[in-house]
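Encoded as structure tokens, the structure appears first; notes follow it.
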Amino acid sequence: MLRLATVLVALLPLVASATTLKISTLYPDGTTIVTGLKDAGKEIAEKTEGRVKLKVYPGGVMGDDRAVQRKIRIGQLHGQVAQGGAFASAYKDSQILNVPLAFNNYEEVDAVRAELDPVIQQGLEEGGWVSFGLIDGGFAYVMSEKPVQSLADLRDQKLWLPANDEGSAKAAKAFELSPIMLNIGSVLTSLQTGAVNAFAAPPVAALTLQWYSRVNYLTDMPLLYTFGTLGIHEKFFKRLSEEDQKVVRQVLESTFSKLDAESRQENLNAFQAVKQQGLEVVKPTPEQLAEWRDYAHRATAELVEEAEISQDMLDRLNGILAKQREGQ
Amino acid sequence: MQWRFLPGFVPSLFVAAAITLQGCSVASIDDNLPYGVLNNNDLALVADGLPTYLLMVDGLIENWPESESLLASGADLYGAYAGLFVEDPTRARKLSDKALGYAFRSACAHDSDYCDLRELSVPEFETLLEEAGKGDVPMLFTLGSAWAGYIQQHTSDWNAVAELGRVEATMERVVALDETYQYGQAHMYLGVLSSILPASLGGKPEQAKAHFEQAMALSEGKNLLAPVLYAEKYARLVFDRELHDSLLEEVLAADPDVHGLTLQNTYAQQQAEALLADADDYF
């Protein structure tokens, strides 16, 4: 009898009905990422003989990050593709890549990511989110109506930062800025009316959202690095048999590595396009840059103090960067 | 700092379906000739035959290089051919380049202020549009639709994506000046443009809905492409399957034979079938 029970338990994953993992994202249908996810879903269904399916809800139909996380808690959804910050509460050190002015160029990003991506992935998983690799979001740059070289220049602008975003609010405070906090959806109108006249964003966003058309200058200083990822909540992921988990991981990891490379190229192209659209590039002088860095260090120290990122993680970041810079 | 948007945001979804086979602007060649194309319900026949027609327009433009109406015809026909019939993306891009090139030249022939449009910043371009009058509507509509078709074929080019705002401004001006022009199709374009982004990123789904409904009303239900795009762009964006399916079923039940719209309607019915077949996967 006991043996029969064991056999039955062992068979459970096999007899369990097909599992559909429901994934939400803000990306509209037809974008590279949604198409990539759908293709991955087909491959997963095929390789698990229909036991596992992906269902993608594109275009933000399930609401914003908060609404989506609520739906994930109650099991209406199982995962989401979002910017790194959406998962920060599960693993605070995942924010290490968003440290202000940490990187000078993409070579440095790549050196850091080669070492820290697996750490971040593991940390997220321990925090409850199974992820399959990060997607490059590009550097955010300041773009403005009037040239911004120094921090003082930026303080003179009506700078937009996202509303309801603790990270942005903290950064603004550390840099002694008084930004105008608005929802992302009202930025273009506010730029048109002059209610704001500066923002910081990756060029891809500035072009897609048409914000670029209302400013004249881009400050050539990578303010911070951005990334996105897919997180599936572990309580749903673990319902899959081990064998199926392996298939899902393998397919999604290869999908995300491809999307990461494609996104990087997009971000590089978008930077060129912003310039071609007539934005004039300005660069801080070495003295001005030193001041920016000074404030960035203070902001980072505050992040450590408030336990947003650990000293240990920051040391690792700085260690890799020092090694990378030495090698040049 | 957090960002509410993600990398790789390529609106490859943006399929403005630049099928605006315009009768009136081709009419200068021969009053009834274009209707042979427009009133045809055999897509394959038109796909085979249209290139000859395109080459003829090219030749006429060689002879009359500054003829606004010939250039507009070239823009419309090349744009339509690229959007409707060409599946090879490299060729479609090339043909849409040509369509936009003709549209720019046509606009320039119409009014010298419209030469070198790409040199203008968006605010400068908008100021220029503000000065446009009712007589400029055909030129603006041809320009806007060729530009939309061009962007559709160049979604991987960020410089093209950057120009979306110009298309929107152009079509908004058309609507302001004469919304009934070409069966209200400017509203259809604006519907598509307003539904590219979700509301949380600044998209305007409610405006999209209003534009699509206005496009349907202005064509008195005769332009079947408007409900197809309404279903594909709006109903899918807001996840309204009921609306999606009912729009498409009505399209399939409708008579596609409408003077000047038969070809476009036949294409729309084909699209409607494909969208319905894919609906279980999407919703």
Of the non-hydrogen atoms in [X] and [Y], which two are nearest, and what is the gap between them?
X        : Y        : result
B:Ala162 : A:Tyr212 : O-OH, 2.6 Å
B:Leu237 : A:Val61  : O-CG1, 2.6 Å
A:Gln277 : B:Asn159 : NE2-OD1, 2.9 Å
B:Leu197 : A:Thr208 : CD2-CG2, 4.2 Å

To the closest 0.5 Å, what do you measure between [atom1] ([X]) and [atom2] ([Y])?
X        : Y        : atom1 : atom2 : value
B:Leu164 : A:Leu209 : CG    : CG    : 11.0 Å
B:Ile196 : A:Thr31  : CD1   : OG1   : 12.0 Å
B:Asp157 : A:Leu207 : CG    : CG    : 10.0 Å

[X] versus chain A, the contacting section by heavy-atom distance below 4.5 Å:
X        : result
B:Glu124 : neither
B:Asp281 : backbone
B:Arg118 : neither
B:Tyr282 : both

Check the surroundings of atom [atom1] in [X]: do more than 12 heavy atoms from other residues, nucleotides or ligands lie under 6.0 Å from it?
X        : atom1 : value
A:Lys71  : NZ    : yes
B:Glu242 : CD    : no
A:Lys258 : NZ    : no
B:Lys94  : NZ    : no

Toward chain B, the part of [X] with a non-hydrogen atom under 4.5 Å:
X        : value
A:Lys38  : side chain
A:Arg264 : neither
A:Ser213 : both

- If you tally heavy-atom pairs under 4.5 Å against chain B, which of A:Gly59, A:Ala206, A:Gly63 wins?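 Top option by heavy-atom pairs under 4.5 Å: A:Gly59.
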- Message: Quick check on side chain to side chain contact (heavy atoms under 4.5 Å, CB included): which of A:Asn269, A:Val274, A:Leu268 does B:Trp158 satisfy it with?
- Response: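 Exactly one candidate clears the test, A:Asn269.
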- Message: Looking at B:Glu163, is its backbone amide N or carbonyl O close enough to the side chain of A:Gln210 to form a donor-acceptor pair, meaning the two atoms are under 3.5 Å apart?
- Response: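 Side chain of A:Gln210 to backbone of B:Glu163, a donor-acceptor pair under 3.5 Å: no, none is there.
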- Message: When you compare the side chain of B:Pro123 with that of A:Arg214, does any pair of heavy atoms fall below 4.5 Å?
- Response: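 Counting from C-beta outward, A:Arg214 and B:Pro123 do come under 4.5 Å.
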